Amino acid sequence: MRQPAVNDPTPDRTADRTDEGRTVLLRGGEVHSPADPFATAMVVERGAIAWVGSEGAADSFADGVDEVIQLDGALVTPAFTDAHVHTTATGLALTGLDLAGARTLSDALARIRAHAAARSEDRVLLGHGWDASGWPEGRPPGRAELDEATGGRPLYLTRVDVHSAVVTTALLDLVPGVSGLAGYHPDAPLTGAAHHAVRAAAQVSVTARQRADAQRAALARAASLGIGSLHECAGPEISGEDDLTGLLALAAEEPGPRVFGYWAEAAESAADLEKVRALGVLGAAGDLFVDGSLGSHTACLHQPYADAPHTGTAYLDRAAVTAHVAACTEAGVQAGFHAIGDAAVTAVVEGVRAAAERIGLARVRAARHRVEHAEMLTPETIAAFAELGLTASVQPAFDAAWGGEDGMYAQRLGAERARTLNPYAAMLRAGVPLALGSDSPVTPLDPWGTVRAAAFHRTPEHRVSVRAAFTAHTRGGWRAIGRDDAGVLVPGAPADYAVWRTGELVVQVPDTRVAGWSTDPRSGTPGLPDLTPGGQLPVCVRTVVGGRTVYLRPDE
């Protein structure tokens with residue numbers, strides 16, 4: 001393993017804002033740049049990349065910079081962009097009750113008891129991450145079990161996909177009329193309107209201090225993983241306006257990853273988009289729900305689930321999609337939707353196409369509207385994405401967690417349908433722009449793990465090269481917000497980069513039939529870490545955003 005030595009006398013997670021204007025030479029490493037596939041050095045000036053080149057040429061810069069960082073063989077790459085995050089929820093999971101590691105129902109209940117005992121002053125207990133599909137008991141905790149584990153206190157506990165939740169009786173008592181709402185079940189996870197109502201009641205209990213602490217924790221974790229920017233997917237049914245504006249203000253005031261916001265509220269006219277402008281977000285997009293999730297049986301399907309006698313839930317139809325896309329396009333605002341099931345994806349495609357027929361295909365394509373998750377695609381809907389210029393904001397860790405012949409997808413859909421999910425290779429071949437993310441806290445912030453999951457998809461025909469997945473997780477996130485000049489280390493690009501301790505660099509493709517020529521060093525294709533499953537992932541040493549160090553690994 002290469003051991004980079006980073007010359008900084010004061011290792012700390014954040015650095016003073018003044019370093020943004022300094023000129024820095026990084027040398028003696030490997031710089032991942034299309035400007036020079038053999039680059040070993042880079043100069044950063046005034047928050048931007050000023051030069052990329054060879055070690056010999058770096059000598060001419062050494063005397064004229066404010067700082068020289070000796071990389072000692074470290075890898076320098078563009079910082080990652082996580083294109084779908086729920087920041088406050090991520091921070092609350094990091095600082096609160098996270099059941100992602102629970103392997104049985106009894107284990108989950110024990111963790112709930114311990115958390116309740118440790119948080120005696122919390123008005124409402126908050127938790128996340130249970131997934132009963134892998135538990136031997138085959139079911140989530142019942143209400144009586146939760147009441148006992150919490151001592152009768154209010155508890156809101158979301159499933160891993162955040163599309164359903166189990167709660168205690170005490171929390172239901174805070175929501176008058178909840179039993180009459182769609183999605184209410186006496187002793188089963190709540191979905192739909194009932195879930196949204198109890199979530200709102202739980203979120204009221206989070207103080208401004210708790211929220212800010214959670215946001216700082218999430219942003220610090222992101223920075224420590226080489227993530228330089230996040231797309232926050234907020235909305236009235238997800239978090240709230242105060243949560244979003246507080247996060248955007250905190251990110252602007254304190255060193256850390258950039259945060260680009262989306263607000264998921266449907267529009268029918270330009271007047272409906274005034275809130276989007278007032279909130280200071282990029283678009284009326286993100287988790288604007290056309291359907292729910294497969295795990296909660298709420299993704300909208302053309303054919304019934306394999307393990308349930310229905311086709312899920314439709315929240316928006318084709319007409320609503322058309323109205324939203326037309327209003328956003330005419331107002332110069334990016335539109336977008338959450339769509340997982342094949343029927344939901346069809347509604348999006350048909351709705352966007354109808355909007356294009358109304359106001360012009362070129363205008364719709366230029367707006368770069370986006371679709372979150374986009375899991376159940378067919379050759380026809382993939383072609384439509386390419387035709388309409390839709391960006392697919394996807395989460396490869398979903399396949400790593402739930403794909404495969406015996407995974408949750410196969411339980412919900414049957415093995416044959418499950419094998420069609422998340423067809424990244426086909427999407428790239430068709431020219432569909434991809435932006436990779438985590439949907440944290442649904443799956444953890446883990447950029448190299450995300451790239452690995454795309455390159456080693458559980459269904460081999462859907463695999464893409466490491467280089468393609470890396471590009472989708474760096475430059476792809478910037479392109480998704482309309483920026484083609486960022487997410488890559490070339491002169492003039494923003495100085496958002498990360499320094500990594502890693503092993504030998506390789507050019508890794510799905511199999512020997514795909515782009516085999518590019519693995520030859522003579523091709524000049526820049527290498528990336530070996531992400532073969534089971535191997536160690538790169539370790540982040542430093543993260544820089546706009547020329548400002550926002551993370552420095554201790555003891556480096």
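Quick caveat, the model's predicted, so the values are computed rather than measured.
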Within the side chain of [X], is there an N or O that forms a donor-acceptor pair under 3.5 Å with the backbone of [Y]?
X    : Y    : answer
W130 : L157 : yes
D342 : H302 : yes
H86  : C233 : yes
H369 : G389 : no
S440 : V85  : no
H457 : N422 : yes
E30  : V76  : no
S465 : Q508 : no
Q395 : L436 : no
T378 : T381 : yes

* Compute the centroid of each ring, for H297 and then for Y305, and state whether the two points are separated by less than 6.0 Å. => yes
Counterpart residues, side chain to side chain contact (heavy atoms under 4.5 Å, CB included), relative to [X] (two or more places apart):
X    : result
P304 : T311
V544 : Y497, R542, T549
A400 : A453
F260 : S229, H231, R258, L282, W478, I481

* Is a salt bridge present between E237 and R199, judged by a nitrogen-to-oxygen distance below 4.0 Å? -> no
* Is R463 salt-bridged to E461, going by a charged N under 4.0 Å from an acidic O? ->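 Not counted as a salt bridge, because no side-chain N and carboxylate O are separated by less than 4.0 Å.
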Can you tell me how the ring of [X] sits relative to the ring of [Y], calling it parallel under 30°, perpendicular over 60° and tilted otherwise?
X    : Y    : value
W448 : F470 : parallel
W402 : F398 : tilted
H338 : H163 : tilted

* To do: Please list all pairs passing the salt bridge (charged side-chain N to carboxylate O under 4.0 Å, His left out) test where one or both residues lie in residues 354-366, with sequence neighbours left out.
  => none
* Asked: salt bridge (charged side-chain N to carboxylate O under 4.0 Å, His left out): which pairs involve residues 395-416, sequence neighbours left out?
  -> D307-R412, E405-R419
* Would you say the side chains of T313 and T298 form a donor-acceptor pair under 3.5 Å? -> no
* Asked: Do you see a donor-acceptor pair shorter than 3.5 Å between the side chains of H195 and Y156?
  -> yes
* Drop me the distance from L301's CG to D291's CG, to the nearest 0.5 angstrom. => 8.0 Å
* Y262 and its side-chain hydrogen bond (donor to acceptor under 3.5 Å, both in side chains) partner, picked from E232, H84, Q334 -> Q334
* Any side-chain heavy atom of D446 sitting closer than 4.5 Å to one from L537? ->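 Yes, at least one pair of side-chain atoms sits under 4.5 Å.
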